[in-house]
Number of protein chains: 2
Amino acid sequence: MAQVLPYSSVEFPAAALAAQSLVTATDSERLAQTFKAMADPTRVRILHALALAELPVCELARLVQISESAVSHQLGLLRALRVVRRRKIGRHVLYALDDDHIRDLIDVGLAHLAHS
Amino acid sequence: MAQVLPYSSVEFPAAALAAQSLVTATDSERLAQTFKAMADPTRVRILHALALAELPVCELARLVQISESAVSHQLGLLRALRVVRRRKIGRHVLYALDDDHIRDLIDVGLAHLAHS
DNA sequence: TCAACACCTGAACAACTGCTCATATATTAG
DNA sequence: CTAATATATGAGCAGTTGTTCAGGTGTTGA
């Protein structure tokens, strides 16, 4: 599905090579979706907090300094993306990372922030 | 700037610990911005192509199957984020990755897509 | 010289985002 | 039981995004 049509360029042969190994449409969609989960400061903070500990909505709201409603909406989104999971404990709902990729991406991102 | 106010939770001591090492507001902004560069399928494809070779706008447009104008707009955005750099050769403008973090993040992302 | 090519850019527009507010349910402390 | 707490969710809204379209500049091949 990546490149059904043969691709060639007289001037830029590198383009033909790139065409061979370019990500498929499906993979670019999936990659973009994963990155989108972290493409917002609020979600970065939520996800980073969850990378440190399993936490209920109210604590996340206090940590990230945002309304519980806003946090709940973001968590709903992240849950739809299968990035976080939840379990109910009494009147709390504890959220945790459900995707180790996220933890890795945050780590890589933070590592780079450190020396740049 | 991360947590100016002391933070504590009786019920969830883990939250207090998380507060200690939670990303600062500035870092979460910067992280989100980096991820935002890859939070769109078109940009993923552009960046992945540029991770393989330095390419002009017209070739990128053919590779990702999108209008030259759209590519140019996206490249302008990526350049503003200092993710790509450009150099002019004749009537072509060659773009290349200007941020190794991006290459790494794509690699991590692709690696995870592979086994999931 | 000049038409074709390569690229850029602003306007416009629909689609999407991230928040607040109001309101709902469920659980528990008193 | 009742009030307070914890969470969820839909509507609404301002701001952002990604594209197309129309036009612009600069370069080059014939």
Side-chain angles (χ1 to χ4, degrees), chain A residues 9-12 14-15 25 28-29 31-47 49-50 54-81 83-96, chain B residues 9-12 14-15 25 28-29 31-47 49-50 54-81 83-96:
Chain A
S9 168
V10 184
E11 289 187 81
F12 297 93
S28 62
E29 293 277 356
L31 266 185
Q33 199 172 56
T34 300
F35 289 128
K36 201 170 285 185
M38 296 175 294
D40 172 81
T42 300
R43 284 198 296 278
V44 166
R45 287 166 74 76
I46 290 176
L47 291 171
L50 294 181
E54 185 182 33
L55 293 166
V57 178
C58 58
E59 293 297 337
L60 281 170
R62 287 209 272 167
L63 282 169
V64 186
Q65 313 255 48
I66 207 181
S67 78
E68 288 188 12
S69 177
V71 172
S72 191
H73 275 296
Q74 295 289 12
L75 287 171
L77 195 152
L78 293 173
R79 211 161 72 91
L81 293 176
V83 162
V84 301
R85 103 182 88 86
R86 69 174 170 183
R87 64 188 179 109
K88 202 168 180 185
I89 298 288
R91 56 177 160 175
H92 294 282
V93 176
L94 299 188
Y95 280 83
Chain B
S9 168
V10 184
E11 289 186 81
F12 296 94
S28 61
E29 294 276 357
L31 266 185
Q33 201 172 56
T34 300
F35 289 127
K36 201 170 286 185
M38 295 176 293
D40 172 81
T42 300
R43 285 197 297 278
V44 166
R45 287 166 74 77
I46 290 176
L47 292 171
L50 293 180
E54 185 182 33
L55 293 167
V57 179
C58 58
E59 293 297 337
L60 282 170
R62 288 209 273 167
L63 281 170
V64 309
Q65 313 255 50
I66 207 181
S67 78
E68 287 188 13
S69 177
V71 172
S72 192
H73 275 296
Q74 294 290 11
L75 288 171
L77 195 152
L78 293 173
R79 211 162 71 93
L81 292 176
V83 162
V84 301
R85 103 183 87 87
R86 68 173 170 183
R87 65 189 178 107
K88 202 168 180 183
I89 299 288
R91 55 179 160 172
H92 294 282
V93 177
L94 300 188
Y95 280 83

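Owing to the predicted nature of the structure, the values given are computational and were not obtained by experimental measurement. Below, chains carry the letters A, B, ... as their sequence lines are ordered, and counting in each starts from 1.
Checked options Leu94(A), Val84(A), Leu78(A); the residue passing with Leu50(A) is Val84(A) (criterion: side chain to side chain contact (heavy atoms under 4.5 Å, CB included)). Across Arg87(A), Arg86(A), Arg85(A), a single residue satisfies side-chain hydrogen bond (donor to acceptor under 3.5 Å, both in side chains) together with Glu54(A), and that is Arg87(A).
Using a 4.5 Å heavy-atom cutoff, the side chains of Leu31(A) and Met38(B) are not in contact. Taking the side chain as every heavy atom from C-beta outward, Leu77(B) and Gln74(B) approach each other to under 4.5 Å.
In this structure, Ile89(B) atom CD1 and dC7(C) atom P are separated by 12 Å, rounded to whole Å. The distance from atom CD of Glu68(A) to atom P of dC21(C) is 14 Å, rounded to the nearest whole Å. To the nearest angstrom, C1' of dT7(D) lies 14 Å from CD1 of Ile46(A). Counting to the nearest Å, the C1' atom of dA6(D) and the CZ atom of Phe12(B) are 10 Å from each other. Leu60(B) has its CG atom 14 Å from the P atom of dT19(D), to the nearest Å. Rounded to whole angstrom, the span from the CG atom of Leu77(B) across to the C1' atom of dT17(D) amounts to 9 Å. Here dT16(D) presents its P atom at 12 Å from CD of Glu29(B), a figure rounded to the nearest Å. Straight-line distance from the CZ atom of Arg62(A) to the P atom of dT5(D): 12 Å, rounded to whole Å.
Nearest-nucleotide positions on DNA chain C for Gly90(A) and Arg91(B) put Arg91(B) closer to the 5' end. Closest-nucleotide positions on DNA chain C for Ala70(A) and His92(B) were compared, and the one nearer the 5' end corresponds to His92(B).
The aromatic ring of His73(B) does not stack onto the base of dT19(D), failing the criterion of a centre distance under 5.5 Å from the six-membered base ring together with planes under 30° apart.
Residues from residues 34-42 of chain A that place a heavy atom under 4.0 Å from any atom of DNA chain D: there are none.
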List the steps, then state whether side-chain contact (heavy atoms from CB on, under 4.5 Å) holds for Arg45(B) with Leu63(B). CA-CA 8 Å; Arg45(B) 287 166 74 77; Leu63(B) 281 170; over 6 Å; no

Begin from the C-alpha positions of Ser69(A) and His73(A) and carry the test side-chain contact (heavy atoms from CB on, under 4.5 Å) through to its verdict. CA-CA 6 Å; Ser69(A) 177; His73(A) 275 296; 3.7 Å; yes

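The shortest distance between the side-chain N/O atoms of Arg86(A) and the OP1/OP2 oxygens of dA8(D) is below 4.0 Å. For dA6(C), neither phosphate oxygen OP1 nor OP2 lies less than 4.0 angstrom from any side-chain nitrogen or oxygen of Tyr95(B).
Minimum atom distance to the side chain of Ser67(B) is reached by dT20(D), of the listed dT20(D), dA4(C), dC8(C). Nearest nucleotide to the Gln74(A) side chain, out of dC19(C), dT7(D), dC7(C): dC19(C). Proximity note for Lys88(A) (side chain, C-beta onward) versus dT27(C), dT19(D), dA6(D): the nearest is dT27(C).
Using a 4.0 Å heavy-atom distance criterion, Arg79(A) is classed as making no nucleic acid contact. Counting non-hydrogen atoms under 4.0 angstrom, Leu75(A) reaches nothing in the nucleic acid.
Checking side-chain atoms of Arg43(B) against main-chain N and O of Lys36(B) turns up a donor-acceptor pair under 3.5 Å.
Donor-acceptor pairing under 3.5 Å, judged by distance alone, is absent between the side chain of Ser69(B) and the base of dT19(D).
Ring planes of Phe35(B) and Phe35(A): parallel class, angle under 30° (limits at 30 and 60°).
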